[in-house]
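Notes follow the structure.
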2 protein chains.
Amino acid sequence: MSSRGRPVATSPAQIEAAAFRLFAERGFEAVTMSEIAAEVGVGRRTLFRYFESKNDIPWGQFDQTLEHFRAILRELPQDRPVHEVVQQGVLAFNEFDPAAEPPHRERMRLILETPTLQAHSVLRYAEWRSVIAEYVAERLDLRPDDLLPRTAGGVALTLAISAYEAWLEDPAADLADLLTATMSALRSYLAD
Amino acid sequence: MSSRGRPVATSPAQIEAAAFRLFAERGFEAVTMSEIAAEVGVGRRTLFRYFESKNDIPWGQFDQTLEHFRAILRELPQDRPVHEVVQQGVLAFNEFDPAAEPPHRERMRLILETPTLQAHSVLRYAEWRSVIAEYVAERLDLRPDDLLPRTAGGVALTLAISAYEAWLEDPAADLADLLTATMSALRSYLAD
DNA sequence: TATCTTTGTGGCGCTCGGTGCCATTAGTGT
DNA sequence: ACACTAATGGCACCGAGCGCCACAAAGATA
């Protein structure tokens, strides 16, 4: 609790804010870590202590939300089929305060429209997928790395990304509606 | 037809072979482009004229196979539901001569087990997904970037990757069986 | 107040992927 | 022999990322 040693010079949130400012101006690729460091008023070397890589900056505190995701799935009524609970969980996980929508849109636009970040995202989403895989495995008495749970995780992710892409294309769209619509699309595709 | 100018010093296939030799010895990350160049007996600069990046080397001639994939979908009997034709297409696309299995396994192991390549793969697979999206769109009279075709492409990819992961885990497994099993897993997951 | 300990900072130097530039090389055609 | 053409590969440069380490700024102790 007592803060010994040299006090911190910045915070993840501050770096994130500065970086987003520059990304918005010139695009992700055109901004260097040195420039972000200068904008924050901190050494370049220090940035790498707050974020593992430049690619991780747009993701912000995503990791910390995974425990929340697990809790959501745990606390949802469990008397429904697995896939329904998962779908409800995904919906709940992607609910947010309307005031937070504009920055969230910017973040997701950056992540989904920058090739480097599209690629990197597969690594960031790995744990998200496995949250689902673990839940599905537990419900169906399987192992998380069995074919079905793993596939369920992958499909859930793909559906969510499709929904987000559509959401970014339409400024008026509602994300929850699109998540539902994507699942419907899959069902009608598989129905014949 | 007539070969004017300086003759080529190497070929994509030769570079690929040399690179795989080194990757097998020391792992993907530990091998530098300079070392691959030396192994081929060519300048480092030249490698970048044959492959856009180090990440692209394990993918070999994947791009050229996409036209083949399109042809497969086109030539399959079209009197079945879209999703069935897509599934048949994916099966046909992943058929190969038994003799070619060991190198194919090595290639896929590299791609699916190296984090950098896992990430990069999302970019390489984009066109593969859109082959499916375009086919589905055409069959259902939609646009390729509509929700359903895009989701179909994404789901097909996720299923294929799940199948490949399982295939890599079991040396005796048959890929076609696993592709079928993955689709069954999805159906039973969504059934309830 | 002076010193010790703790902890974050940030400069330096390096590696590696990737790119633009351009002189050179090794062929073919006249 | 000479022009033409196209691939090669060296060189210099940039940016991400990392190991190392001296240093700064706080609290604790005496």
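Below, read A as the first sequence line, B as the second, and so on, with proteins coming before strands; counting in each chain starts at 1.
Salt-bridge formation is not detected for the pair A/Glu134/A/Arg143: no Lys NZ or Arg NE/NH1/NH2 atom is positioned less than 4.0 Å from an Asp or Glu carboxylate oxygen.
Along DNA chain C, the nucleotide nearest to A/Ala9 and the one nearest to B/Phe48 differ in position, and the one closer to the 5' end is contacted by A/Ala9. Each of A/Gly5 and A/Glu52 was assigned the nucleotide of DNA chain D with the nearest heavy atom; the assignment lying further toward the 5' end belongs to A/Glu52.
Proximity of A/Thr46 to the phosphate of C/dG10: a side-chain N or O atom is located under 4.0 Å from OP1 or OP2.
The base of D/dG9 sits within donor-acceptor range of the side chain of B/Arg49, with an N or O pair under 3.5 Å. A/Arg44 contributes a side-chain N or O that forms a donor-acceptor pair with the base of D/dG17 under 3.5 Å. A donor N or O paired with an acceptor N or O is found under 3.5 Å between the base of C/dG20 and the side-chain atoms of B/Arg45.
Rounded to an integer number of Å, the gap from A/Asn55 CG to D/dG15 P is 16 Å. For the pair A/Leu47 CG and C/dT9 C1', the computed distance is 12 Å after rounding to whole Å. Atom-to-atom, CD of A/Glu29 to C1' of D/dC14 comes out at 14 Å; the value is rounded to the nearest Å. One atom, CZ of B/Phe51, and another, P of C/dG17, lie 15 Å apart when rounded to the nearest Å. The distance from atom CG of A/Asp56 to atom C1' of D/dC18 is 15 Å, rounded to the nearest whole Å. Computed from coordinates, the B/Glu35 CD to C/dC16 P distance equals 7 Å when rounded to whole Å. Atoms CE (B/Met33) and C1' (C/dG17) sit 8 Å apart, rounded to a whole Å. One interatomic measurement links the two molecules: CD of A/Gln14 to C1' of C/dG8, which rounds to 15 Å at whole-angstrom precision.
Ring orientation note: the planes of A/Trp167 and A/His104 are tilted relative to one another, at an angle of 30° to 60°. Relative ring orientation between B/Tyr189 and A/His83 is described as perpendicular, the plane-to-plane angle rising above 60° on a 0-90° scale split at 30° and 60°.
Residues A/Asp177 and A/Thr180 have side chains that never bring a donor and an acceptor to within less than 3.5 angstrom of each other. For the residue pair B/Thr158/A/Thr158, the side-chain donor-acceptor check at 3.5 Å is satisfied. For the residue pair A/Thr114/A/Glu29, the side-chain donor-acceptor check at 3.5 Å is not satisfied.
Residues B/Arg107 and B/Glu16 have side chains in contact (heavy-atom distance under 4.5 Å, counting atoms from C-beta outward).
When heavy atoms are screened at a 4.0 angstrom cut-off, B/Ser34 is found touching no nucleic acid atom at all. When heavy atoms are screened at a 4.0 angstrom cut-off, B/Tyr50 is found touching the sugar-phosphate backbone but no base atom. Among the atoms of the strands shown, only primed sugar atoms or phosphate atoms (P, OP1, OP2) are found under 4.0 Å from some heavy atom of B/Gly43.
Proximity note for A/Lys54 (side chain, C-beta onward) versus D/dA16, C/dG17, D/dT5: the nearest is D/dA16.
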Under 3.5 Å, N/O pairs linking protein and nucleotides 22-24 of chain D:
{"unit_1": "D/dA24", "atom_1": "O4'", "unit_2": "A/Arg6", "atom_2": "NH1", "d": "3.3"}

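With hydrophobic clusters built from ILVMFWY side chains whose heavy atoms lie under 4.5 angstrom apart, B/Leu22 shares a cluster with B/Phe20.
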